[in-house]
Amino acid sequence: MFFSKKSLTLMATIAVLITENVCFAVPATEAPAGFDGKTNGLVDQGTFDADRVTFEERDTIETGLGPVYNAEACSECHQNPVTGSASQVGVVRAGIFDGSSFKELPGGSLMQDRAINAAIQTRVDNRANVRSFRVSTNILGDGFVEAISDETLKQTAALQPSQSGGGIQGTAVMVEVLEAPGNYRVGRFGWKAQHASLLSFAGDAYRNEVGVTNPLVPTEATPNGRSVAAFDTTPDPEDTGADIADFTVFMRALKTPPRDTVLAATTAARSGEQSFQKTGCGTCHVATFVTAPTGTVINGGTFTVPEALGNKTIHPYSDFLLHDVGTGDGIVQNGGPSSRNKLRTAPLWGLRTRSRLLHDGSALTIADAITRHRGEAGKVVNQFNLLGQKEKDNLLSFLNSL
Ligand code: HEC
Ligand code: HEC
């Protein structure tokens with residue numbers, strides 16, 4: 001039998017794919033990083049810029065703002081240092097703890113601090129004995145985070161008990177993909193890993209933060225269970241789906257937060273990174289992930305990982321899993337009752353741009369955020385406390401380079 005050179009190469013490639021494991025056959029490439037307002041290659045720069053404008057657009061009563069809301073545009077809370085990043089802006093969550101479990105007040109746990117009419121100004125209900133702040137999180141790089149397979153995150157969780165000598169076990173919460181009802185995926189976005197898809201988050205945030213109803217969340221908020229219908233002058237849904245689609249393309253096309261390359265190259269930061277790993281911070285703040293191969297179908301069949309996001313290496317310094325590190329605020333979102341006092345490992349990429357740390361912004365220095373860790377992170381923080389002053393300074397240099 002005769003085989004052409006081309007078909008022999010093809011057969012050899014197939015043999016490699018079969019014998020090795022597809023994931024390792026093609027080396028992953030580094031995801032583009034930058035605070036430069038440029039597309040990561042998912043779409044052209046013109047499309048990216050147009051979608052950024054939608055993300056920055058201030059809604060008005062005519063376009064559906066409110067009746068209750070927290071801000072007029074996505075970028076009001078996601079902008080430091082470029083559109084799509086995080087910011088110091090916080091929101092309020094509240095609910096009831098009845099002695100055994102957390103209960104939402106009718107209307108959910110997120111409060112809206114602003115209203116288009118003083119008559120519907122909302123304040124936390126007196127019945128709510130659980131009250132917490134939430135600082136805005138970063139979105140840069142989240143297109144790659146969305147493209148991490150569930151299996152990869154579950155494997156990370158499965159390895160943690162042996163990596164930590166038993167103390168650490170992250171929880172992968174399964175959350176519904178709003179655009180694919182009935183389909184569940186490992187949550188990874190938000191302080192409680194409450195969403196798995198960026199489109200789901202966009203639909204949720206547009207209604208809950210800006211007050212604009214949309215096909216994924218088609219009815220107005222009812223803060224503390226109170227209807228705001230009398231003040232809803234625009235027919236629902238106020239967004240036909242075009243805006244949430246634009247937000248999503250913009251978010252998926254964002255580059256990852258870049259390192260401070262000058263600081264990162266110093267001996268102090270390099271040695272600090274070793275201490276970070278040696279003390280065990282890296283068990284939860286996982287340095288590196290590789291996204292699913294191009295062509296992988298995710299989000300309940302509604303999204304296929306494109307080339308710009310597939311098989312990319314990223315350095316988020318998070319496992320995207322929930323842990324109890326002693327800072328829990330008692331709020332349950334999509335993760336079920338056991339997630340009450342757990343939080344997603346805060347991704348540390350872009351840390352140097354964050355001024356208010358931990359979910360509630362209660363830590364104002366990185367050192368304070370570290371020493372506040374307890375619970376699952378107790379042993380690791382003891383190790384940190386045992387480091388000499390020089391090693392601690394080096395570890396902080398490393399963190400300041402992120
Ligand atoms: C009033 C401030 C505010 C506005 C406006 C706002 N967000 Fe957010 N955003 C937040 C906060 C706070 C969080 C963290 C929420 C949590 O986990 O409780 C967040 C988290 C996110 C995340 C998750 C990122 C991650 O990896 O954790 C996405 C995605 C997001 N927002 C998208 C949007 C979009 C799209 C809009 C506009 C429709 C928007 N946000 C408007 C405050 C805001
Ligand atoms: C058991 C898992 C775990 C370990 C181990 C761990 N962390 Fe964390 N880390 C978390 C979680 C969860 C949060 C979010 C807590 C919150 O918001 O209340 C967090 C938050 C942080 C923050 C705040 C980031 C922000 O944007 O708010 C910093 C800084 C941090 N960790 C650094 C470290 C360092 C340094 C170590 C090692 C000494 C470490 N962590 C060990 C899980 C862990």
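Both backbone and side-chain heavy atoms feed into the values below; hydrogens, waters and symmetry mates do not. Counting starts at 1 for both ligands and their atoms, following the listed order.
Heavy-atom neighbours of R356 CZ from other residues, nucleotides or ligands within 6.0 Å: at or below the threshold of 12. Residue-environment remark: CD (E307) stays at or below the threshold of 12 foreign heavy atoms within 6.0 Å.
Geometrically, R340 engages F97 in a cation-pi contact, judged by NZ or CZ lying under 6.0 Å from the ring centre and within 45° of the ring axis.
Summary of contacts: the protein heavy atom closest to atom 26 (O) of ligand 2 is R354 NE, 2.9 Å. Residue, atom and distance of the protein heavy atom nearest to atom 16 (C) of ligand 1 are Q194 NE2, 3.3 Å. The closest protein non-hydrogen atom to atom 27 (O) of ligand 2 is L358 N, 2.7 Å.
Near E376, meaning under 4.0 Å from any of its heavy atoms, are these atoms of ligand 2: 1 (C). Remark: ligand 2 atoms within the under-4.0 Å shell around heavy atoms of T327 are 15 (C), 16 (C), 18 (O). In summary, the atoms of ligand 1 found under 4.0 Å from a heavy atom of A73, numbered by their order in the structure, are 5 (C). Interface atoms of ligand 1 facing N138, defined by a heavy-atom separation under 4.0 Å, are 24 (C), 25 (C), 26 (O). Each of the atoms 1 (C) of ligand 1 lies under 4.0 Å from some heavy atom of N70. Against a heavy-atom cut-off of under 4.0 Å, A71 is close to the following atoms of ligand 1: 1 (C), 5 (C). Each of the atoms 25 (C), 26 (O), 27 (O) of ligand 2 lies under 4.0 Å from some heavy atom of L357. Here is the list of ligand 1 atoms found below 4.0 Å of a heavy atom in R93: 18 (O). Annotation for ligand 1: atoms under 4.0 Å from non-hydrogen atoms of G190 are 17 (O), 23 (C), 25 (C), 27 (O). Annotation for ligand 2: atoms under 4.0 Å from non-hydrogen atoms of L343 are 12 (C), 16 (C), 17 (O), 18 (O).
Tally of protein N, O or S atoms closer to atom 8 (Fe) of ligand 2 than 2.8 Å: 2.
Counted by atom type alone, D319 and T345 present one or more donor-acceptor pairs between their side chains at under 3.5 Å. Side-chain atoms of S164 and K379 form no donor-acceptor pair, as typed in the model, at a separation below 3.5 Å. No side-chain donor-acceptor contact under 3.5 Å links N214 and R207. Between the side chains of R93 and S109, at least one donor-acceptor pair of N or O atoms lies under 3.5 Å. Using modelled atom types, one finds no donor on one side chain facing an acceptor on the other under 3.5 Å when comparing D204 with Q194. Residues R259 and S401 bring a donor and an acceptor atom of their side chains to less than 3.5 Å of each other. Under the 3.5 Å distance criterion, with hydrogens and angles disregarded, no donor-acceptor pair is assigned to the side chains of D236 and T234. Side chains of R344 and T137: a donor-acceptor N/O pair is absent below 3.5 angstrom, by distance only. With hydrogens and angles left out, the side-chain atoms of N70 and E209 include a donor and acceptor closer than 3.5 Å. In summary, the side chains of H315 and E30 do present a donor paired with an acceptor at a separation below 3.5 Å, with no hydrogens or angles considered. Of the N and O atoms on the side chains of T283 and Q163, not one donor lies less than 3.5 Å from an acceptor on the other residue. Between the side chains of Y206 and D59, at least one donor-acceptor pair of N or O atoms lies under 3.5 Å.
Near atom 8 (Fe) of ligand 1, less than 2.8 Å away, sit the protein N, O or S atoms H78 NE2.
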- [ ] Apply salt bridge (charged side-chain N to carboxylate O under 4.0 Å, His left out) to R131 and D360, showing your working.
- [x] CA-CA 10 Å; R131 299 164 191 178; D360 54 1; over 6 Å; no
TODO: Assess whether salt bridge (charged side-chain N to carboxylate O under 4.0 Å, His left out) is satisfied between D393 and K390, documenting all intermediate values.
DONE: CA-CA 5 Å; D393 290 346; K390 180 119 181 58; over 6 Å; no
TODO: Tell me, with the steps shown, if R127 and D125 meet salt bridge (charged side-chain N to carboxylate O under 4.0 Å, His left out).
DONE: CA-CA 5 Å; R127 291 172 292 169; D125 192 301; 2.9 Å; yes
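For the atom pair OG (S197) and CZ (R252), the distance works out to 6.0 Å, reported to the nearest 0.5 Å.
At a 4.0 Å cut-off, not a single heavy atom of T248 sits close enough to ligand 1 to count as contact. The shortest separation from a heavy atom of S87 to ligand 1 is not under 4.0 Å, leaving the residue out of contact. Residue contact annotation: R344 has a non-hydrogen atom under 4.0 Å from ligand 2. Distances from ligand 2 to the non-hydrogen atoms of V381 include no value under 4.0 Å. Heavy-atom separations between E76 and ligand 1 are all 4.0 Å or longer. Heavy atoms of E72 stay at 4.0 angstrom or farther from ligand 1. At least one heavy atom of V135 sits closer than 4.0 Å to an atom of ligand 1.
Contact annotation: for P347 versus ligand 1, there are no heavy atoms closer than 4.0 Å. At a heavy-atom cutoff of 4.0 Å, ligand 1 is contacted by no atom of V212, backbone or side chain. Under 4.0 angstrom from ligand 1, the non-hydrogen atoms of L198 all belong to its side chain. At a 4.0 Å heavy-atom cut-off, ligand 1 does not touch H359 at all.
At least one side-chain heavy atom of I366 sits under 4.5 Å from a side-chain heavy atom of L351. Taking 4.5 Å as the limit, some side-chain heavy atom of T83 sits within range of a side-chain heavy atom of F250.
The N/O atoms of D142, backbone and side chain alike, include one that comes under 3.5 Å of an N/O atom in ligand 1. Residue R134 has at least one N or O atom closer than 3.5 Å to an N or O atom of ligand 1. Ligand 1 has no N or O atom lying under 3.5 Å from any N or O atom of R188, backbone or side chain. Taking only nitrogen or oxygen atoms, main chain and side chain alike, V91 does not reach within less than 3.5 Å of ligand 1.
Taking the centre of each ring, F201 and H195 come in below the 6.0 Å mark.
In this structure, F247 and F55 have perpendicular ring planes: the angle between them is above 60°, well past the 30° mark. Note on ring orientation: taking the six-membered ring where Trp is involved, the planes of H285 and F276 are tilted (angle from 30° to 60°).
Of the candidates F55, Y206, W191, it is W191 that places a heavy atom closest to atom 17 (O) of ligand 1.
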